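Both backbone and side-chain heavy atoms feed into the values below; hydrogens, waters and symmetry mates do not. Computed from a predicted structure; not experimentally measured.
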Amino acid sequence: MALGIMAQSHNDPGPQRTAEGVTVTLATCAKNEGRYLLEWIAHHEGLGFTEIVVYDNGSSDGSARTLAALDALGRVKYRHQPDRPEFGPQLWAFTDAVLQSRSDWIVFLDLDEFLLLDEQRPIGDFLATFPDTVTQVFFNWRTFGSSGRVEPGFGLVMERFQKAAPPGHPMNRLGKSATRRLAFHAVHVHAPYLSHGLSVHADGTPMVLEDIQGRPVDIRYGGGRVNHYVVKSRHEFEEKKRRGRGDFPEGDPRKDRDADQYFTGHDRNEIAVPLPPGLAWRTRLRMARLAAGLLLVRLVPALRRRVAALLRRDGSGQLRRLTKESLLHGVRDGVLIRPPSDIRRPAAKRGRTPAGPPAGRRPADAPKRSPAG
């Protein structure tokens, strides 16, 4: 069995399609967040992502070994993300993820963000309900506070923190997006810039930007949301501060946070937000399966050799794929994926409405989400 799993990792057939024929890649970039990895991966496996790609930014807490072992088992794709100039590790990682992906859709999340859908179905089936003219689906944040905790305590992140800011709080205007791979114009952590098509909220209504990319005027939780456990306990937040921000490079003064001001501003606990029934135990069950796989890696020599080979990677592959010069043609704070002259727009299908105006502009007759099949 172990060798069969290993062969799956070596001879990667690409993302597997859901019942609706849609593939979705989830990408993240992490540093010294090993204590959260299994819960985060287990939760998003439950959403049916067809591949989960984790970039490790030089962790010293054993995260890289855990991720390499899960890669050997075929559960995630582990990639080393070295610190590089000009841009933060997140931007380098997400650009690389887009260029290497073969999926229909791509989602960027951090380790403190958990995507939840209103209905229990695979993320690919949910995205399949949107028409072809929709190339980006936005999920607003639900910002959670510390629940009064100073020390981490025991339990899952989603169990320990169940108090959040009011739904209409300005912090919840931000969020994360699912974006069609062929519609990427430039990477942005919250809402990538589009080459064509429309951005909509998860409930199908058009997304109208406020003043910056990735921050719409409206906050809508219909269809799904991203639970953002941004501070956790005070102790965990101090660890987060030491890690620094992933969206800025080393040496940039913005990489460090003002701990007291940031914690006070984001520690919102006004509203109790209970978990959906059964979510915690389903996540624990998947975590147990992941942990059993990690034990198997320790026992099977072939898997141990695979892990050792993965850990020897130093990011040189990305250095060849993404030279510094190739990223200098940015769109504001984004990174250009395809110059406009190189973008091949899909041919309009007979009977379909052509792609609408750019994201952020409210069309006269915005498309609504098709009913689920």
Side-chain angles (χ1 to χ4, degrees), residues 15 17-18 20-27 50 91 94-108 123-140 174-218 220 223-224 322 326-370:
R17 296 190 175 274
T18 65
E20 297 293 338
V22 175
T23 56
V24 190
T25 290
L26 172 61
T50 41
L91 211 51
F94 292 161
T95 302
D96 190 64
V98 174
L99 294 177
Q100 293 207 70
S101 175
R102 288 181 281 165
S103 292
D104 301 312
W105 295 78
I106 299 176
V107 178
F108 303 143
I123 179 68
D125 293 353
F126 171 77
L127 293 173
T129 66
F130 292 89
D132 292 346
T133 50
V134 170
T135 53
Q136 188 171 84
V137 179
F138 187 82
F139 302 90
N140 279 102
L174 289 168
K176 291 299 176 72
S177 306
T179 305
R180 292 188 193 266
R181 178 174 59 87
L182 295 180
F184 268 84
H185 178 61
V187 166
H188 186 282
V189 172
H190 295 284
Y193 297 94
L194 300 177
S195 63
H196 63 280
L198 293 168
S199 293
V200 301
H201 288 274
D203 64 359
T205 58
M207 185 177 80
V208 179
L209 295 179
E210 184 184 44
D211 54 359
I212 62 172
Q213 184 71 8
R215 186 162 73 182
V217 173
D218 298 324
R220 296 181 176 273
L322 296 176
S326 69
L327 293 174
L328 294 182
H329 305 289
V331 178
R332 286 185 283 178
D333 55 346
V335 175
L336 199 65
I337 296 295
R338 300 178 184 85
S341 61
D342 292 345
I343 296 170
R344 297 183 179 180
R345 290 176 172 79
K349 297 180 180 179
R350 184 174 300 176
R352 297 273 185 166
T353 303
R361 298 181 186 174
R362 187 184 293 274
D365 53 348
K368 298 294 184 181
R369 185 165 53 133
S370 302

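With R180 contributing its side chain and L194 its backbone, the two residues share no donor-acceptor pair below 3.5 Å. Q136 places no side-chain N or O within 3.5 Å of a backbone atom of S177 that could act as its donor or acceptor partner. Listed for the S101 side chain is no donor-acceptor partner under 3.5 Å among the backbone atoms of V98. Here the side chain of T50 pairs a donor or acceptor atom with the backbone of V24 at under 3.5 angstrom. Without hydrogens or angle criteria, Q213 side chain to A191 main chain gives a donor-acceptor distance under 3.5 Å.
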Working note: R102 + T23, criterion side chain to side chain contact (heavy atoms under 4.5 Å, CB included); need CA distance, chi angles, decisive distance, verdict. CA-CA 8 Å; R102 288 181 281 165; T23 56; over 6 Å; no
Would you please test I123 and W105 for side chain to side chain contact (heavy atoms under 4.5 Å, CB included) and show each step? CA-CA 10 Å; I123 179 68; W105 295 78; over 6 Å; no
May I have the step-by-step check of side chain to side chain contact (heavy atoms under 4.5 Å, CB included) for L198 and M207, ending in yes or no? CA-CA 8 Å; L198 293 168; M207 185 177 80; over 6 Å; no
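The CG atom of L26 lies 10.0 Å from the NZ atom of K176; values are rounded to the nearest 0.5 Å. T179 contributes atom OG1, which lies 7.0 Å from atom CZ of F108 (distance to the nearest 0.5 angstrom). Of the inter-residue distances, the one linking F138 atom CZ with H190 atom NE2 reads 8.0 Å to the nearest 0.5 angstrom.
In plain terms, the two heavy atoms of T25 and S103 that are nearest each other are OG1-OG, 2.6 Å. Minimum interatomic distance between V200 and F130 (heavy atoms only, all atoms of both residues): CG2-CE2, 3.8 Å. Nearest heavy atoms, G214 versus L209: N-CD2, 3.8 Å. In terms of heavy atoms, N140 sits closest to P216 at ND2-CG, 4.1 Å. The shortest heavy-atom contact between A202 and G224 is CB-N, 3.9 Å. The shortest heavy-atom contact between D218 and H201 is O-CE1, 3.4 Å.
For the pair F139 and V107, the minimum side-chain heavy-atom distance is 4.5 Å or more.
Every residue two or more places apart in sequence or in another chain that forms a side chain to side chain donor-acceptor pair (under 3.5 Å) with E210 is listed here: R173, R215.
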